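Side-chain atoms are counted along with the backbone in the values below, which use heavy atoms only and exclude waters and symmetry mates. Numbers restart at 1 for each chain; the letters A, B, ... are given by sequence-line order, proteins then strands. Nothing here was measured: the structure is a model prediction, and the numbers come from that model.
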2 protein chains.
Amino acid sequence: MSSSRVVFKTTAFERPLVTVDVVIFTVMAEQLCVLLVRRPESDGEPYPARWALPGGFVDVDRDASLLACAERKLRDKTGVAAPYLEQLGSWGDAKRDPRGWSSTHAYFALIPQPEAVDASATTTTEWVPCDQAARRRLAFDHNTILSTAIERLRSKVEYTSLPAFLLPEPFTLPQLQRVYEVVLGRPLDKSAFRKRMLDAAYLEEVGMVTGDHGRAAMGYRLRERDQATVFPRTFKSGE
Amino acid sequence: MSSSRVVFKTTAFERPLVTVDVVIFTVMAEQLCVLLVRRPESDGEPYPARWALPGGFVDVDRDASLLACAERKLRDKTGVAAPYLEQLGSWGDAKRDPRGWSSTHAYFALIPQPEAVDASATTTTEWVPCDQAARRRLAFDHNTILSTAIERLRSKVEYTSLPAFLLPEPFTLPQLQRVYEVVLGRPLDKSAFRKRMLDAAYLEEVGMVTGDHGRAAMGYRLRERDQATVFPRTFKSGE
DNA sequence: AAAATAGTGTCTTTGAGACAGTATGAC
DNA sequence: GTCATACTGTCTCAAAGACACTATTTT
């Protein structure tokens, strides 16, 4: 039997550039932070020396899929392998990259505070409080992407368990509440908060944890590390 | 002054194929329907004669942006110019298109029932009830995209004004409620429904409309045609 | 008048926030 | 013991669902 290899027409269309960018969030010192990288200064590079979101071209030989590409970029910059990673959206037009018509697939990731704070000391990579990062003039349309990411995160935090992915396990309910408050920028009622978290049953007790002062607290970890839990209601935000 | 034209390095990376697909919803005969198109049978075309979502390659010469490209494809297939159009997500990997590594940007659109029902008679284009469409074997990964779109629509209908974009204006509250019920697949309480719609204040009275039988009803139109309204709560879905 | 549909009023239930109270650990 | 923090109980209030009622138009 002759193995018949089907030949498909290649298109006449000029192909746009395709990139993947990742907005990586963490909480450091009670602040929501985002990772920025400095663009190279070499000749022929757009936006030389400008701060940007980590990202770059899809490598059709190495990346099996867009998600794999995003995971690779995250791993390269932070060493984190299995974070919370969600697609944010895509942006594409003729002007956003001076090299030509380009489209980028943006993801956002949540990771616990990285142990090696080296990253924040490097000259090509920096953890920046996200409000401050949003005020810098970033490369490409990364200001738009970053704003969208912050907005999406803040909005989802109102009714999902997303902040749990910003903490190293095990964590206590008071710690988790503090992260919610940091991201939302307002205090929450302790009793209502605890009821919500426990009713949702997405946490697993994992033994008492003793803090610096005061009474010991129950430690928890996520039952499912690969998806967020959606609560039936939103936190009442002064409706 | 010599006009210095900056030359940017073109990348060594092989460029993936870039397409845009649009999931176009409408309500016909009390059913949520989606528009499918038949792929050409010509040689060298992938998935010949298979049903697919409307879409195709980004044309870097004609399309200023991804959104403009999606609008063009919608206009070409339906003649509708200013519908509700929202980004759904993107899918990209090495295998989804036999012609090579490809990524697609998917949008979903909501339009009022098209007057020309010609479209549903054509051999290359068909309005299909969406549950039925989801059961067909579509081209590429369009089953995944369609499922995601249906899921997203159903989920957003629980807490947004999206169904209003599926009706021609002016519409009455009972008509709007029927669309909600069609999309959600369950009945809603009339009183609670009306309270929600009117409290959200996203509708504008536009005069009485008389139906076939019974009492005349107030006609409404959207105050803002370019964005959906988000309600403070979700419709209680048998929590 | 009867039928059909539009629109309103009221009761009940639910669940979240407020806030004060109790428990348990470190010193 | 005191202090600091973890955790719980109870009251109140608001919003949504249930459902019965009234209103207006067509036949």
Quiz item: Less than 3.5 Å between a donor and an acceptor, one on the side chain of B:K190 and one on the base of C:dG7, is that the case here?
Solution: yes

Quiz item: For A:F193 and D:dT8, what is the distance between atoms CZ and P respectively, to the nearest whole Å?
Solution: 14 Å

Quiz item: D:dA15 P sits how many Å from B:F231 CZ, rounded?
Solution: 15 Å

Self-check item: side-chain contact (heavy atoms from CB on, under 4.5 Å) partners of B:S65, counting only residues at least two apart
Solution: A:D93, B:L67, B:A68

Quiz prompt | Whole-Å distance separating the CG atom of A:L198 from the C1' atom of C:dA16 | solution = 15 Å

Quiz item: Atom OH of A:Y180 to atom P of C:dG17: distance rounded to whole Å?
Solution: 12 Å

Quiz item: Where the side chain of B:A192 is concerned, which of D:dA16, C:dA6, D:dA6 is the nearest nucleotide?
Solution: D:dA16

Quiz item: Who passes side chain to side chain donor-acceptor pair (under 3.5 Å) against A:R39, sequence neighbours left out?
Solution: A:E45

Exercise. Report yes or no: does A:R38 contribute a side-chain atom to a donor-acceptor pair with the main-chain N or O of A:A52 at less than 3.5 Å?
Key: no

Practice problem: Compute the ring centroids of A:F171 and A:Y220, then answer whether they are less than 6.0 Å apart. | Solution: no

Practice problem: Calculate the interatomic distance between B:F171 atom CZ and C:dA6 atom C1'; express it in whole Å. | Solution: 16 Å

Enumerate the protein-to-nucleotides 22-26 of chain D contacts in which both atoms are nitrogen or oxygen and the separation is below 3.5 Å.
{"residue": "D:dA23", "atom": "N3", "partner": "B:R215", "partner atom": "NH1", "Å": "2.6"}
{"residue": "D:dT24", "atom": "O4'", "partner": "B:R215", "partner atom": "NE", "Å": "3.2"}

Quiz prompt | Euclidean distance, atom CG of residue A:L176 to atom P of D:dT5 [Å, nearest integer] | solution = 18 Å

Quiz item: CE of B:M197 versus P of C:dT8: gap in Å, rounded?
Solution: 15 Å

Exercise. Output all residues satisfying side-chain contact (heavy atoms from CB on, under 4.5 Å) with A:R221, sequence neighbours left out; order by chain, then residue number.
Key: A:E169, A:E204, A:V206

Quiz item: Between A:R194 and D:dT8, is there a side-chain N or O to OP1/OP2 distance below 4.0 Å?
Solution: yes

Quiz item: B:S191 has a side chain; which of D:dC7, D:dA16, C:dT8 sits nearest to it?
Solution: C:dT8

Exercise. For A:F140, check ring-ring contact (aromatic ring centres under 6.0 Å, His included) against everything at least two apart and list the hits.
Key: A:Y47, A:H142

Quiz prompt | Most 5' of B:D189 and B:T172 on DNA chain C, judged by nearest nucleotide | solution = B:T172

Exercise. Measure from CE on A:M218 to C1' on D:dT8 and round the result to the nearest Å.
Key: 15 Å

Quiz prompt | Residues that B:E86 engages under salt bridge (Lys or Arg N to Asp or Glu O under 4.0 Å), provided they are two or more places apart | solution = B:R152, B:K156

